[in-house]
There are 2 protein chains.
Amino acid sequence: MLSKKTKYGLKALTYLASIDTKEPVQISEIAKHENISQKFLESILLTLRRNGFLGSKKGKGGGYYLIKKPEEIQMTAVMRVLEGPIAMVPCVSLNFYEKCDDCPDENTCAVNRLMLQVRDGALQVYRNNTLADLIS
Amino acid sequence: MLSKKTKYGLKALTYLASIDTKEPVQISEIAKHENISQKFLESILLTLRRNGFLGSKKGKGGGYYLIKKPEEIQMTAVMRVLEGPIAMVPCVSLNFYEKCDDCPDENTCAVNRLMLQVRDGALQVYRNNTLADLIS
DNA sequence: GATAATCCTATCAAACTAGTAGGGTAATAA
DNA sequence: TTATTACCCTACTAGTTTGATAGGATTATC
C-alpha cells in the first residue's frame, strides 16, 4: 500500500509543477488545495527539500518551490525518497539490497524470481515518468 | 514491502509443487525445509486451503497438498489472497476499488495516473506467472 | 521589533505484523 | 476402543509503523 506520506508528497510536487511559477508557495496553500493536514505536509516538504527536490524561503512571502524543471524529476528518485525501496523484498532491491536470512539460495528462490520481475515492471514505469508527465 | 505471510505462503506453495506428489505433506516438514515458524505457517496454509489452493487431510499420514496443477495456479490469485490488493492505492484497484476521500477527481489525479501504470505492470507479471513458472 | 513563515523535536493513538499459546477435532492405526 | 497424529481454531501479545498533533525555535521581511 502506498503511504499517505508518498501520496501527499506526490500531490504537493504536482501542484507546485502545475503552478508554473518560481515564486515560493506557502505550505498552507498546498495543504488547503490538496486536502492535506498542514502539519503532516510540513514534514513531508521538509524531507523533499533535504533531498534536493525543493527549495524554501522563510519569512513573509516565503514558502516552497521546485528546484529543477518538472521534466528533470524522475519518479524513481521521488519514490525512493518518499516510499523507500521500490522492490518488495530487500533481496531484489538495487539501492537497498539485503540478504534474506531465511533463504539459503537466491538463485533458486521462487519469491526472488517473481519479485525481480515485479521490481522491473515498477522501475520501468517510474523511469518512464517525470513530474511533467503526471500533470500533462 | 511484501509481508512474511505472503513470502512464506509462496514458499510453501512452491515447495508443494516441487515435491511432485499428491501425498499430503506435513506442516512441520514444510516449516523445517523453508525455515518458517511452524505455528505461523499453520495459519497461512489454513487461509490457502480456505481459498481453494490447498486440500488437507487430518490424522496420521495427514498434511497439505495442492488441489490444482501448478500450471493452473496464477500468481494474481495467490497474491490477492495472501497480500491483498495488487494496486498500491484503492482508487486504481480492480478487485478492491474504493474512492479516495481527499481526492476530488480521479481523472486529473497524478497519483491515480501513476499508480494505474504501476498496477498494470504488476498485473502483467502476476498474470504471466503460474506456480509452475516459479519452480522451473 | 512585530509579523510571517519555515524549521525542528517530541509525543501519541491506532493499526498492523509476526508471531505465540493453548487447546479442540478428526482420522488413522494398534 | 484407545492412543496417537496432525490439522483446526481462537485469542493474545510484543514490537513496529503510520499518520498525525503540539509546541515552540529560527529566520526573513516589513
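A, B, ... follow the sequence lines: proteins, then strands. Residue 1 opens every chain.
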S.K.: Does a side-chain heavy-atom distance below 4.5 Å link B:Asn112 with B:Val89?
M.R.: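 A side-chain contact is absent here, since even the closest heavy-atom pair is not under 4.5 Å.
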
S.K.: What is the separation between atom CD1 on A:Ile36 and atom P on D:dT18, rounded to the nearest whole Å?
M.R.: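 Going from A:Ile36 (CD1) to D:dT18 (P), I get 17 Å.
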
S.K.: Could you go step by step and tell me if A:Leu66 and A:Leu54 meet the side-chain contact (heavy atoms from CB on, under 4.5 Å) rule?
M.R.: CA-CA 5 Å; A:Leu66 287 178; A:Leu54 298 178; 3.7 Å; yes

S.K.: Backbone N or O of A:Thr47 within a donor-acceptor pair of the A:Asn51 side chain at under 3.5 Å?
M.R.: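 Answer holds: yes.
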
S.K.: Roughly how many Å is it from NZ in A:Lys4 to P in D:dT21, rounded to a whole number?
M.R.: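 Going from NZ in A:Lys4 over to P in D:dT21 covers 12 Å.
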
S.K.: Which residues pass the salt bridge (Lys or Arg N to Asp or Glu O under 4.0 Å) test with A:Asp120, sequence neighbours left out?
M.R.: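 Partners of A:Asp120 by the salt bridge (Lys or Arg N to Asp or Glu O under 4.0 Å) criterion come out as none, since no residue qualifies.
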
S.K.: In whole angstroms, how far is the C1' atom of D:dT18 from the CG atom of A:Leu2?
M.R.: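 Checked: the CG to C1' distance equals 13 Å.
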
S.K.: We want to know whether A:Ser93 and A:Glu98 form a side-chain donor-acceptor pair, criterion being a heavy-atom distance below 3.5 angstrom.
M.R.: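 No, no side-chain donor-acceptor pair sits under 3.5 Å.
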
S.K.: Between the main-chain N or O of B:Gly63 and the side-chain N or O of B:Gln26, is there a donor-acceptor pair closer than 3.5 Å?
M.R.: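 Flag not set: sc B:Gln26 to bb B:Gly63 has no pair under 3.5 Å.
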
S.K.: Please report the distance, rounded to the nearest Å, between CD1 in B:Ile30 and C1' in D:dC7.
M.R.: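 Rounded to the whole Å, the gap is 12 Å.
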
S.K.: Find the distance A:Met1:CE to D:dT16:C1' and express it as a whole number of Å.
M.R.: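 Nearest whole value for this atom pair: 18 Å.
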
S.K.: Between the protein and nucleotides 7-10 of chain C, list every N/O to N/O distance that falls short of 3.5 Å.
M.R.:
unit_1 : atom_1 : unit_2  : atom_2 : d
C:dC7  : OP1    : A:Arg49 : NH1    : 2.7
C:dC7  : OP1    : A:Ser56 : OG     : 2.5
C:dC7  : OP2    : A:Tyr64 : OH     : 2.0
C:dC7  : N4     : A:Glu42 : OE2    : 2.5
C:dC8  : OP2    : A:Arg50 : NH2    : 3.0
C:dC8  : N4     : A:Glu42 : OE2    : 3.1

S.K.: Where the side chain of A:Arg49 meets the backbone of A:Ser56, is there a donor-acceptor pair that is under 3.5 Å apart?
M.R.: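 Not a single qualifying donor-acceptor pair exists.
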
S.K.: Does a sphere of radius 6.0 Å around CD in B:Gln124 hold more than 12 heavy atoms from other residues, nucleotides or ligands, not counting ones at 6.0 Å or beyond?
M.R.: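 No, the 6.0 Å shell around CD holds no more than 12 heavy atoms from other groups.
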
S.K.: May I ask you to list the residues of residues 81-92 of chain A, by number, that have any heavy atom positioned under 4.0 Å from an atom of DNA chain C?
M.R.: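 Of all residues in residues 81-92 of chain A, none places a heavy atom under 4.0 Å from DNA chain C.
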
S.K.: Relative to the 5' end of DNA chain D, which residue comes earlier, A:Gly61 or A:Ser37, by the nucleotide with the nearest heavy atom?
M.R.: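 Whichever sits nearer the 5' end wins; that is A:Ser37.
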
S.K.: Taking atom P of D:dG19 as reference, at what distance in whole Å does atom CD1 of A:Ile44 sit?
M.R.: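 It is 9 Å, rounded to the nearest whole Å.
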
S.K.: I want to check something: taking the side chain as every heavy atom from C-beta on, are A:Leu114 and B:Tyr126 in contact at a cut-off of under 4.5 Å?
M.R.: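 The answer is yes; the side chains approach within 4.5 Å.
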
S.K.: C:dA4 P sits how many Å from A:Glu29 CD, rounded?
M.R.: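 A:Glu29 atom CD is separated from C:dA4 atom P by 17 Å.
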
S.K.: How long is the line joining CZ of B:Phe40 and C1' of D:dA14, in whole Å?
M.R.: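 Going from B:Phe40 (CZ) to D:dA14 (C1'), I get 14 Å.
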
